[in-house]
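Structure, as C-alpha cells:
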Amino acid sequence: MPIAQGANAESWQWQLPAGFPPPLVPADNRMTPAKVAVGERLFFDKRLSIDGSYSCASCHDPGRAFTDGLAVAIGVTGERHARNTPTLINAAYNVSFGWLADAPRTLEDQHRVPLHNTNPLELGYPGIDGLAEDEVVESLASYVRTLIRADSPFDRYVYYGDQAAMSMLAREGLELFLSPRTGCSACHRGFTLSGPVRHQLVPDAEPEFHDGIRTPTLRNVAVTAPYMHDGSIATLEAVIEFYDRGGRGQPLDLSAEEHAALIAFLGSLTDAPFARDDNR
Amino acid sequence: MYRTLVFVLTTLLAGNVWGAGSGMSSGSDGFEVTQRTPEQLAASSYNDGLKHKKRALSYEQRAASSDKAKDRAKYAKRARDQFERATEDYRKAIGYDNRMYQAMNELGFAYRKLGDHENSIRAYNTALQIEPAFAPAIEYRAEAYLELGQLNHAKAAYMELYRIDQAQAGVLMQAFDAWLATNEDSEFSAWVAERKQLASLTQAVMEIPRRDW
C-alpha cells in the first residue's frame with residue numbers, strides 16, 4: 001500500500017492541554033512541523049504589509065494574548081476597523097471566525113481577510129516573491145492551530161486538583177458562573193467557554209449568534225480589554241454591571257460579593273504566560 | 001523433551017487450539033501441529049482468565065449474600081480458587097505476549113483479590129509502562145492504593161483519570177465512596193465531596209476525549 005510522501009509525510013504531534021481534543025484540520029492542509037515554523041515566522045513578518053510596517057502581530061500581540069488593547073483595530077494606514085481584535089488562543093476550535101455571522105468558516109479563509117481587506121485597509125498585502133499566497137495562508141493557519149493553551153489557575157484547580165491555584169472568591173465565582181441563576185454557561189460553554197466549537201469529536205457543530213454576534217471565549221479575558229465586538233465596554237467590572245442590569249436577559253441582582261466573585265473567576269482563566277500580577 | 005511437548009500440547013488444548021481452521025493434520029511423517037500465532041494464544045489464555053474472573057466474582061457475590069458462615073467460607077474459597085486459576089491464565093498469556101498490557105492489568109486485579117497487593121501493584125505498573133494512558137489500569141491500581149490506605153496515590157490517580165477518562169474517574173469515585181463507608185478520614189472525605197461537586201458542576205465547560213480500550 002502506498003504511503004503518503006512529501007511534506008505531509010512528516011507527522012505532527014499535538015501538545016494538547018488536559019481535556020482538550022485535537023482540533024479539526026482540513027484534509028488539504030495537514031499539519032507539519034515545517035508549515036508551522038514558516039507560519040510562525042510569517043505571523044511576525046512585516047513584508048505582509050503594503051509599506052513593510054505591519055504584521056499580524058501588530059494587531060494580535062502575543063504579549064496581550066494576541067489582542068491589541070484597543071477598542072477597535074487600527075489598520076496599517078491608521079484606518080479604524082469596525083470591530084475589536086479577538087484573541088487567537090484556541091481559535092483553532094472555532095466554527096466560524098470573527099464576530100459576525102457572515103464570516104469565514106475556516107482559518108485559511110479567515111487569513112485572506114486581513115491580507116486583502118480594503119475597508120479598512122488592514123495589511124494591504126503586496127505579495128512576497130517566491131511564496132505563493134496559498135502557502136502563506138496555509139502556513140499561517142497551521143501556526144494559529146498550535147495556539148492552544150489551558151494552563152490557567154482554573155485549569156490547575158479543575159484538572160490537576162491544585163487547591164491553592166484558585167482563591168475561595170474565584171471558586172465562588174465559578175459556581176455562580178455555572179449556576180442557572182446567572183446562566184452564563186448556557187452561552188459561554190465547553191472547554192473554551194465560548195459558543196459552539198468544532199473538533200475531531202464534533203465535526204459538524206453549527207455556529208450560533210446572539211444578536212448577530214458569536215459568543216467569544218472567556219479564556220484570558222482578563223488580559224484582553226476592552227470588551228465586546230465593538231470594544232464598547234472598557235473593563236470587566238463594567239461587563240459584569242452590564243449583565244447585572246439585564247444586559248443579556250433578566251437582571252441578576254448580584255450582591256457586591258457576587259460581583260467580585262465573578263470577576264475573580266474570570267481572572268482565574270488567564271493562562272500562565274499572559275498572567276500579570278494585577279489579575280492573579 | 002517429552003515434558004516440553006506435553007506442556008505445549010496442554011497449553012494448546014487450554015487455548016482451545018482445536019477450533020475450526022487449525023489443529024492437526026496427518027501427513028507422511030506423523031502428526032503436524034498447525035501452530036497459532038503467539039498473539040492468538042495469548043488472547044485465548046487471556047479470555048480463559050476473564051472466564052475465571054467472572055466465576056470468581058459471582059462466587060464472591062454468593063458469599064456476600066449467604067446467611068450462614070459455613071456457606072460464606074465455602075463460596076469465598078471457591079472465589080479464591082477461581083482467582084488463582086485466573087492468575088495462571090494471565091501469566092500464560094503474558095508468556096506468549098510480553099507486551100499484553102490488558103493481561104497485566106487483569107493479573108493485577110486477580111492478585112489484589114487474593115490479597116497480594118505487592119504483586120498486584122507491580123502488575124499494574126508493568127501494564128502502565130507499556131501503555132501509560134490505559135485508564136482501566138490506572139483505575140484498578142488506584143483501588144489497590146485505596147486498600148493499602150495510600151490515599152495520596154489514589155487521589156493523584158483520580159486527577160489523572162479526570163483529565164483523560166471521566167467515566168473511569170466516576171468508577172474510582174464510587175470506590176472512594178465505598179471506602180469512606182467503612183473507613184474514617186475527614187480530610188479525604190472533604191476532598192471527595194469537593195471533587196464530586198466539581199465533577200457535576202463543570203460538565204458544562206469541559207469536553208473529555210473518549211477512547212475505547
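Throughout, protein chains are lettered first and strands after them, A, B, ... in sequence-line order, and every chain is numbered starting at 1.
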### Task
Would you indicate whether R181(A), at its atom CZ, is surrounded by more than 12 heavy atoms from other residues, nucleotides or ligands within a distance under 6.0 Å?
yes
### Summary
Within residues 238-262 of chain A, the residues sitting under 4.5 Å from chain B by heavy atom, in sequence order, are none
### Query
Of the non-hydrogen atoms in Y162(B) and Y159(A), which two are nearest, and what is the gap between them?
CD2-CA, 4.3 Å
### Task
Write out, in numerical order, the residues from residues 181-203 of chain B with a heavy atom short of 4.5 Å from a heavy atom in chain A.
W191(B), E194(B), R195(B), Q197(B), L198(B), L201(B), T202(B)
#### Entry: Shortest non-hydrogen contact from M159(B) toward V158(A)
CE-O, 3.5 Å
### Query
Which heavy-atom pair separates F154(A) from V205(B) by the least distance, and what is that distance?
CZ-CG2, 4.1 Å
### Task
Answer yes or no: are there more than 12 heavy-atom neighbours, outside Q61(B) itself, under 6.0 Å from its atom CD?
no
### Query
Distance-only, no hydrogens or angles: does the R189(A) side chain make a donor-acceptor pair with backbone N or O of A204(B) under 3.5 Å?
no
### Message
Shorter than 4.5 Å, heavy atoms on both sides: which option in R171(A), H188(A), Q163(A) has the most such pairs with chain B?
### Response
Q163(A)
## Note on the structure
Rounding to 0.5 Å, atoms CG (L193(A)) and CE (M206(B)) come to a distance of 9.5 Å
